[in-house]
*Asks:* 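The structure is given below, and queries will be raised subsequently.
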Amino acid sequence: MELKILEKLNYEQRQAVKYNKGPLFIIAGAGTGKTMTLTSKVAYLIATGVAPQRILTLTFTNKAAREMKERILDMVGPAANMSWISTFHSFGLRFLRRHISILENGLDEGFVVIDEDDAKKIIRDSIKELGIDEKTFPSTDIYNQVSALKVGYERFYLKSEDLERLLKKYQEYLIDNNLVDFDDLILYTLQILTKEKTIREHYQEAFEYILVDEFQDTDHLQYEILKLLSGNKSEKTICVVGDPDQSIYSFRGARYENNLDFIKDYQAKVITLSKNYRSTNKILSLANKLIKENLDRYPNYSEKHLESDLGSGYPPVFRKFNRDIDEVIYVAEKITELVQFDGYKPTEIAILYRSNYLSRAFEETFIRYQIPYIVYGGVSFFQRREVKDIMAYVRLSLDNSQDFFLKRIINVPKRKLGNVTVQRLEEYSKYIGESMFDAILSFDVAAGTKKELNSFSKIIKKFSEAIEKNINLSDLIDLILNESGYKEMLLAEGDQGIDRIQNILELRGVFKRGEFLYEGDTKEKLTQILDEISLMTDADKNVATEDKVILSTYHQVKGLEFKAVFMVAMEEDIFPNANAIYSKGGLEEERRIAYVGITRAKRHLFLTHSDSRFRFGRKEYNRPSRFYLETMDTMGRVKPSYLGGGSVEYEADSSFEIGDKVEHQLFGAGKIVAIEGEVAVIAFSAEHGIKKIILGHPSLKKSK
DNA sequence: TTACTACATGTTTTT
DNA sequence: CATGTAGTAA
Ligand SMILES: Nc1ncnc2c1ncn2[C@@H]1O[C@H](COP(=O)(O)OP(=O)(O)OP(=O)(O)O)[C@@H](O)[C@H]1O
């Protein structure tokens, strides 16, 4: 069996799989088979007799973890199920479910993981309670600031007394309510591993092999956890894989230095993989050209070029449009073409963009064109109001002391229990030292309100009893939907309500799957499924079988590949993002994001931008992205061709030189006075003056 | 005290 | 455009 695993690999990959005597760093460019090598290593270890549960593999997304597990299952059979394969966060969650009470800070193993929206809500409330003026914080990202202070990313927050008070208040609230946020999953895990020798040694003993994918995006806390788990011993088998050029999470604390530190701290052996197996070479040369613009790169990395044996392939297509809607229609028509004439499956096609909001225009048009699609991220399925409401009912029914979730749904649907009543109940419950739910019983209010409270309490009790009696998970959702009045409320909303009910039925599907996936009684199953959902993203929900075009940010498709990739809205201020262009580091990270985007494509790559675009409901005019121009340059000759819809196809022309006389359709005769990248500064007659125009633009011609 | 309506306010990227 | 908040009617 070992041989079969190794068979599919090239020499370098095989060396990497077989080297298990000490720390190893596999450092290699996109599509060179890093993930495949890591997967094979796990399979190889199991096949050569290592107990699967002694291997810990840490991935960046849950989807990556799941796919890796499936592939290992294929290679070595059900033994793979015993192996630990998860994200750092899932690992932390699993760890804390067992050990959190040892912190003795008031949290117990029944804690609930809250998501970012919940955290923001708590922070907002804390701000109000502390009487802090919101405006003293830099704009919108209070959550990010609190989080950065919490985990110690000094570069990302402005030190202030208010911020510290706010974090303290927020943290108190979490602990009082037995809640844990994403950061806590890592922080508490690290704390316990640091302080508790017995536990630490247990895990050090348990994991003989530790493997980490996407190492370039680990942060300092995760690196500390790794060090503790590996016992800091250099003879331990710890293998990390990464590509410094694909480090795109610095905003979340991804630490570039981890790469070098790892080699230094562990005296790690380094293996590089050089051949790309994903893309045709015209796509790869675009990626090579782009990333060369970055000056701050991993040592000796700059001489690296991606190359494959897959031929030169189709030239990447550069397209400019007058209006955003033209761009969207072009993409829709191109997709239809790819599906109808090239036999592409929708799921092999991805539309990638820098910011979530850019998906909207595509969604609307795809519906018209009847193109099936799935959006990764943005308003995630699990963040939808109706989904979170139903989940809150489930959580409260499972554990009546969960005040946070009680507050969410006590007046949804409307039960005449408004802010004032809820606030008083909360104060009262604190006063008598009981949960809000229990406090209802002895809470003294106007008779009408009391009646409403009692009937709410009765509903929840009914759900709790159903859980005690081991109701089916999907029946529980039905019960909640029907008996809470939630369904009626949605039905009264009309069309939108129908959509929402659809979403809840989808959630019901997730619960139904959990029914079979997990062991134990209803309570235990619920706990597991709620845990899983709390760390799930849209990309995870997409079960492989769904044949839909993918709409996603670049960040969410890290590690994935598609036959055809559309990089859309390639415009300055959007990509690179306006906030990133003032620092070199920021700009280089944006460029790495573009590099990740290009290297997702196997066969077809389209880069598009539009002169005008609606944002905030207002029309804006944008210049093409510098990344668009930087890469277009590799394409050489001009090939202007006019097509319908006011759009224009062209390729860069490097044959213009300073001093050339040119003729412009609108501005007439002019002379090139400077060339900045692919933009020419041209002096026209006095009436038009100096203009900047993209070289190769069809309106611009060289005059003899 | 609740619930509705008008208004303003703000979008980078995520486990 | 879409969400949250402030102000007002009931
Ligand atoms: N030796 C090989 N022979 C054939 N195909 C291979 C080989 N190694 C990798 N591949 C294929 O190349 C593609 C890219 O592999 P993989 O996703 O592991 O690369 P990666 O280095 O992890 O990429 P990224 O950096 O983008 O995450 C996959 O489709 C994989 O099946």
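In what follows, chains carry the letters A, B, and so on, assigned in the order in which the sequence lines appear, proteins first and then strands, with residues in each chain numbered from 1.
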*Asks:* Select one nucleotide: of B/dT1, B/dT14, C/dA2, the one nearest the side-chain heavy atoms of A/Asn356.
*Replies:*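 It is B/dT14.
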*Asks:* From CD of A/Glu452 over to C1' of B/dA3, roughly how many Å is that when rounded to an integer?
*Replies:*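 Result: 14 Å.
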*Asks:* Assign each of A/Arg354 and A/His89 to its nearest nucleotide of DNA chain B by heavy atoms, then name whichever residue's nucleotide is nearer the 5' end.
*Replies:* A/Arg354
*Asks:* Centroid-to-centroid, A/Tyr554 to A/Phe575, below 6.0 Å?
*Replies:* yes
*Asks:* Which whole-number value in Å describes the distance from A/Leu185 CG to B/dT14 P?
*Replies:*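 Result: 18 Å.
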*Asks:* Indicate, with a heavy-atom threshold strictly under 4.0 Å, whether A/Asp183 touches base, sugar-phosphate, or nothing.
*Replies:*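 Contact class for A/Asp183: none.
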*Asks:* With sugar-phosphate meaning primed atoms plus P, OP1 and OP2, does A/Leu417 contact a base, only sugar-phosphate, or nothing at under 4.0 Å between heavy atoms?
*Replies:* sugar-phosphate
*Asks:* Taking the side chain of A/Ser355 as heavy atoms from C-beta outward, which of B/dT13, B/dA3, C/dC1 is closest to it?
*Replies:*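 Minimum distance to the A/Ser355 side chain belongs to B/dT13.
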*Asks:* What's the CG-P distance between A/Leu358 and C/dC1, to the nearest Å?
*Replies:*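 That distance rounds to 15 Å.
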*Asks:* In whole angstrom, what separates A/Arg385's CZ from C/dA2's C1'?
*Replies:* 12 Å
*Asks:* Nearest-Å distance, CG (A/Asp117) to P (C/dT3)?
*Replies:* 11 Å
*Asks:* Go through it in stages, so that I can follow the logic: the residues are A/Ser442 and A/Tyr428, the test is side-chain hydrogen bond (donor to acceptor under 3.5 Å, both in side chains), and I'd like the CA-CA distance, side-chain angles, deciding distance and then a yes or no.
*Replies:* CA-CA 10 Å; A/Ser442 59; A/Tyr428 173 70; 2.6 Å; yes
*Asks:* Using 4.0 Å as the upper bound for N to carboxylate O, is an ion pair formed by A/Arg360 and A/Glu363?
*Replies:*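 No, this pair does not count.
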*Asks:* For the side chain of A/Val420, counting heavy atoms from C-beta on, which of C/dC1, B/dA3, B/dT1 is nearest?
*Replies:*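 Out of C/dC1, B/dA3, B/dT1, the nucleotide with an atom closest to A/Val420's side chain is B/dT1.
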*Asks:* Ring centroids only, cut at 6.0 angstrom: are A/His555 and A/Tyr249 within range, meaning strictly under it?
*Replies:*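 Between A/Tyr249 and A/His555, which both carry aromatic rings, the centre distance is below 6.0 Å.
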*Asks:* What's the closest nucleotide to the A/Asn144 side chain, out of B/dT13, B/dT2, B/dA3?
*Replies:*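 For A/Asn144, the side-chain atoms sit closest to B/dT13.
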*Asks:* Given B/dT1, B/dT14, B/dT12, which nucleotide is nearest the side-chain atoms of A/Glu590?
*Replies:* B/dT12
*Asks:* Using centres under 5.5 Å plus planes under 30 degrees as the test, is A/Phe182 stacked with B/dT14?
*Replies:* no
*Asks:* Does a side-chain N or O of A/Thr553 approach OP1 or OP2 of B/dT14 to a distance below 4.0 Å, or not?
*Replies:* yes
*Asks:* Please work out if A/Glu589 contacts a base, only the sugar-phosphate, or nothing of the nucleic acid, heavy-atom cut-off 4.0 Å.
*Replies:*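 Nothing, no nucleic acid heavy atom in range.
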*Asks:* Report the C-alpha distance between A/Asp125 and A/Tyr173 in whole Å, list the side-chain angles of each, state the deciding distance to 0.1 Å, and finish with yes or no for side-chain hydrogen bond (donor to acceptor under 3.5 Å, both in side chains).
*Replies:* CA-CA 10 Å; A/Asp125 289 350; A/Tyr173 185 93; 6.0 Å; no
*Asks:* In whole Å, what is the span from the CZ atom of A/Phe627 to the C1' atom of B/dT13?
*Replies:* 13 Å
*Asks:* Would you mind classifying the nucleic acid contact of A/Tyr249 as base, sugar-phosphate or nothing, using non-hydrogen atoms under 4.0 angstrom?
*Replies:* sugar-phosphate
*Asks:* Strictly below 4.0 Å: does A/Arg252 bring a side-chain N or O up to OP1 or OP2 of B/dT12?
*Replies:*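 Answer is no, no contact under 4.0 Å.
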*Asks:* Could you tell me whether the phosphate oxygens of B/dT13, OP1 or OP2, come under 4.0 Å of any side-chain nitrogen or oxygen in A/Gln556?
*Replies:* no
*Asks:* Which residue lies toward the 5' end of DNA chain B, A/Phe60 or A/Thr421, if each is placed at its nearest nucleotide?
*Replies:*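 Residue closer to the 5' terminus by nearest nucleotide: A/Thr421.
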*Asks:* Using the ring centroid of each side chain, check whether A/His99 and A/Tyr203 are separated by less than 6.0 Å.
*Replies:* yes
*Asks:* Can you figure out which of B/dT2, B/dT13, C/dT5 approaches the side chain of A/Arg124 most closely?
*Replies:* C/dT5
*Asks:* May I have the distance from A/Asp573 (atom CG) to B/dT13 (atom P), rounded to whole angstrom?
*Replies:*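 Distance check: A/Asp573 CG to B/dT13 P gives 15 Å.
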*Asks:* Does B/dT15 have its OP1 or OP2 closer than 4.0 Å to a side-chain nitrogen or oxygen of A/Asn62?
*Replies:*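 Negative; the distance criterion is not met.
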*Asks:* Checking all strands, does A/Asp115 fall into the base, sugar-phosphate, or nothing category for heavy-atom contacts under 4.0 angstrom?
*Replies:*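 Nothing, no nucleic acid heavy atom in range.
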*Asks:* Round to a whole Å and report the spacing from CG of A/Leu560 to P of B/dT14.
*Replies:* 13 Å
